[in-house]
Amino acid sequence: SSAFDGCTSLEEIVIPNSVTYIGSSAFSGCTSLEEIVIPDSVTSIGYRVFSGCSDLTSIILSNGITQINQGTFENCSALTTITLPISLTTIDSNVFENCLSLTSITLPNSVTNIGYNAFSGCTGATIKIKAMNVPSINANTFGENDQRVQKILVPNSNVNDYKAAWPNYEDIIEGIESFYYTTIKVQGTEQTYTAAIDENEKVITLTVYTGGDTEIVLKNTFVNVSNDSVYEDYAIEFKVPTSTASNAGGFYSSSITKFTVEGEVNFVGSFRNLFRRCQYVTSFDFGQANTTGVTDMSYMFYMGGRAEPIV
């Protein structure tokens, strides 16, 4: 606990994938820390781990975490981007309290409990909740009076359930047409992807696992495999999943031979180790890909035993 508490000059830290637990207040008050990625080896974090990290803008939580403990990100006034794991069930009290710059956050379907003052003071935030079953909340979970969040978006079919369960927030609860994970196929090819579809914001977020595929093509036109609906006018985001075993990018040491982007695709998140040790690759074509949302490109093309990356 409190390992780096108050290290105000600490700007960057890499957490090795041997770490399974981050103690309470480990980075509390690290006012110069801007970004951090928690590896998938971490399955538990303590209380107020990043409390008061006033320069922290972006964080990705590991996929094994089921609970965010009390005050983990309270008073992180610059925090704008956070990726929550699909394993998450509990957001404890004061977790995001006074995150003044937070404008949007998505709570996965797995969330069942949100604690006291969890989002109080996030006055510009839209909270997107995927859960079909209404999570339990506590007093002032989303703030009160002038400390309330701006909007709460829930599945359209469950709006009345949410309003009945959360009468204090009835006036800011709205439904969204569709907000779910599904499998989509690039139109004109057999390539399929796992994707998050946000019809309210017209965004498709792709999470690509290669499996046995060797040629990856990203285009702007997709078909929903489950109902044959076509998505043509959506913004495309491409996120790279993290391998639980190696904490490496999505194509780490795979048999991929080609990677092609056709059309405008926004790359977001960490691309560290993305194509590391992909020894069979013959072609990279990123086309019109926008990489301004990429937080880390280190070792993106690193080939293992080589002294330098290949590009």
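The structure displayed is predicted, hence computed values, not measured ones. Below, each value reflects all heavy atoms present in this structure, side chains not excepted, and no hydrogens, waters or symmetry copies.
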Does a side-chain heavy-atom distance below 4.5 Å link [X] with [Y]?
{"X": "Asp92", "Y": "Thr72", "answer": "no"}
{"X": "Cys122", "Y": "Val149", "answer": "yes"}
{"X": "Thr103", "Y": "Thr126", "answer": "no"}
{"X": "Arg148", "Y": "Ile172", "answer": "yes"}
{"X": "Ser104", "Y": "Lys128", "answer": "yes"}
{"X": "Thr106", "Y": "Thr83", "answer": "no"}
{"X": "Asp296", "Y": "Val294", "answer": "no"}

Minimum heavy-atom distance [X]-[Y], with the two atoms named:
{"X": "Ser110", "Y": "Pro85", "answer": "OG-O, 4.5 Å"}
{"X": "Pro135", "Y": "Val111", "answer": "CG-O, 3.6 Å"}
{"X": "Ser51", "Y": "Gly71", "answer": "CB-O, 3.6 Å"}
{"X": "Tyr162", "Y": "Pro155", "answer": "CE1-CD, 4.2 Å"}
{"X": "Cys76", "Y": "Leu56", "answer": "SG-CD2, 4.4 Å"}
{"X": "Ser62", "Y": "Pro39", "answer": "CB-O, 2.8 Å"}

Ring-plane angle category for [X] and [Y], please: parallel below 30°, perpendicular beyond 60°, tilted otherwise.
{"X": "Phe142", "Y": "Trp166", "value": "tilted"}
{"X": "Phe267", "Y": "Phe286", "value": "perpendicular"}
{"X": "Tyr302", "Y": "Tyr299", "value": "perpendicular"}

Taking atom [atom1] as the centre, does [X] end up with more than 12 heavy-atom neighbours from other residues, nucleotides or ligands that are less than 6.0 angstrom away?
{"X": "Lys185", "atom1": "NZ", "result": "no"}
{"X": "Asp285", "atom1": "CG", "result": "yes"}
{"X": "Asn133", "atom1": "CG", "result": "no"}

- Message: Walk me through whether Ile45 and Tyr21 qualify under side chain to side chain contact (heavy atoms under 4.5 Å, CB included).
- Response: CA-CA 6 Å; Ile45 58 177; Tyr21 172 72; 5.7 Å; no
Which distance, rounded to the nearest 0.5 Å, do you find between the [atom1] of [X] and the [atom2] of [Y]?
{"X": "Asn158", "Y": "Lys163", "atom1": "CG", "atom2": "NZ", "result": "13.0 Å"}
{"X": "Asp40", "Y": "Thr20", "atom1": "CG", "atom2": "OG1", "result": "13.0 Å"}
{"X": "Lys130", "Y": "Leu107", "atom1": "NZ", "atom2": "CG", "result": "10.0 Å"}
{"X": "Cys99", "Y": "Glu74", "atom1": "SG", "atom2": "CD", "result": "9.0 Å"}
{"X": "Ser120", "Y": "Glu144", "atom1": "OG", "atom2": "CD", "result": "7.0 Å"}
{"X": "Met300", "Y": "Ser298", "atom1": "CE", "atom2": "OG", "result": "10.5 Å"}

Could you state whether [X] and [Y] fall into the same hydrophobic cluster, counting links through intermediate Ile, Leu, Val, Met, Phe, Trp or Tyr residues with side-chain heavy atoms under 4.5 angstrom apart?
{"X": "Ile137", "Y": "Tyr116", "value": "no"}
{"X": "Ile68", "Y": "Val19", "value": "yes"}
{"X": "Tyr47", "Y": "Val95", "value": "no"}
{"X": "Ile82", "Y": "Leu100", "value": "no"}
{"X": "Val223", "Y": "Ile184", "value": "no"}

- Message: If we check side chain to side chain contact (heavy atoms under 4.5 Å, CB included) with Glu35, which of these qualifies: Thr57, Ile13, Asp55?
- Response: Thr57
- Chi angles and distances behind the side chain to side chain contact (heavy atoms under 4.5 Å, CB included) call for Thr8, Leu10: CA-CA 6 Å; Thr8 57; Leu10 183 67; over 6 Å; no
- Message: Can a donor-acceptor pair be found, under 3.5 Å and without considering hydrogens, that links the side chain of Ser41 to the backbone of Asn17?
- Response: yes
- Message: Going by the rule ring-ring contact (aromatic ring centres under 6.0 Å, His included), which residues pair with Phe96 if we only count those two or more places apart in sequence or in a different chain?
- Response: Phe73, Phe119
- Please test Thr291 against Met297 for side chain to side chain contact (heavy atoms under 4.5 Å, CB included), starting from the C-alpha separation and ending with a verdict. CA-CA 10 Å; Thr291 60; Met297 290 186 177; 3.7 Å; yes
- Would you mind listing the cluster partners of Tyr280? Hydrophobic ones only (ILVMFWY), side-chain contacts under 4.5 Å, chaining allowed. none
- Asn113-Thr90 side chain donor-acceptor pair, cut-off 3.5 Å: no
- Query: Would you call Lys151 and Asp171 a salt bridge, using N to O less than 4.0 angstrom?
  - Reply: no
- Message: Can you list everything that forms a side chain to side chain donor-acceptor pair (under 3.5 Å) with Gln67? Sequence neighbours excluded, please.
- Response: Asn69
- Query: Between Ile38 and Ile22, is a side chain to side chain contact (heavy atoms under 4.5 Å, CB included) present by the stated rule, with each step listed?
  - Reply: CA-CA 9 Å; Ile38 298 178; Ile22 301 176; 4.2 Å; yes
- Go through the steps for Phe275 and Phe284 under the test ring-ring contact (aromatic ring centres under 6.0 Å, His included), then give the verdict. CA-CA 10 Å; Phe275 298 106; Phe284 293 112; 4.7 Å; yes
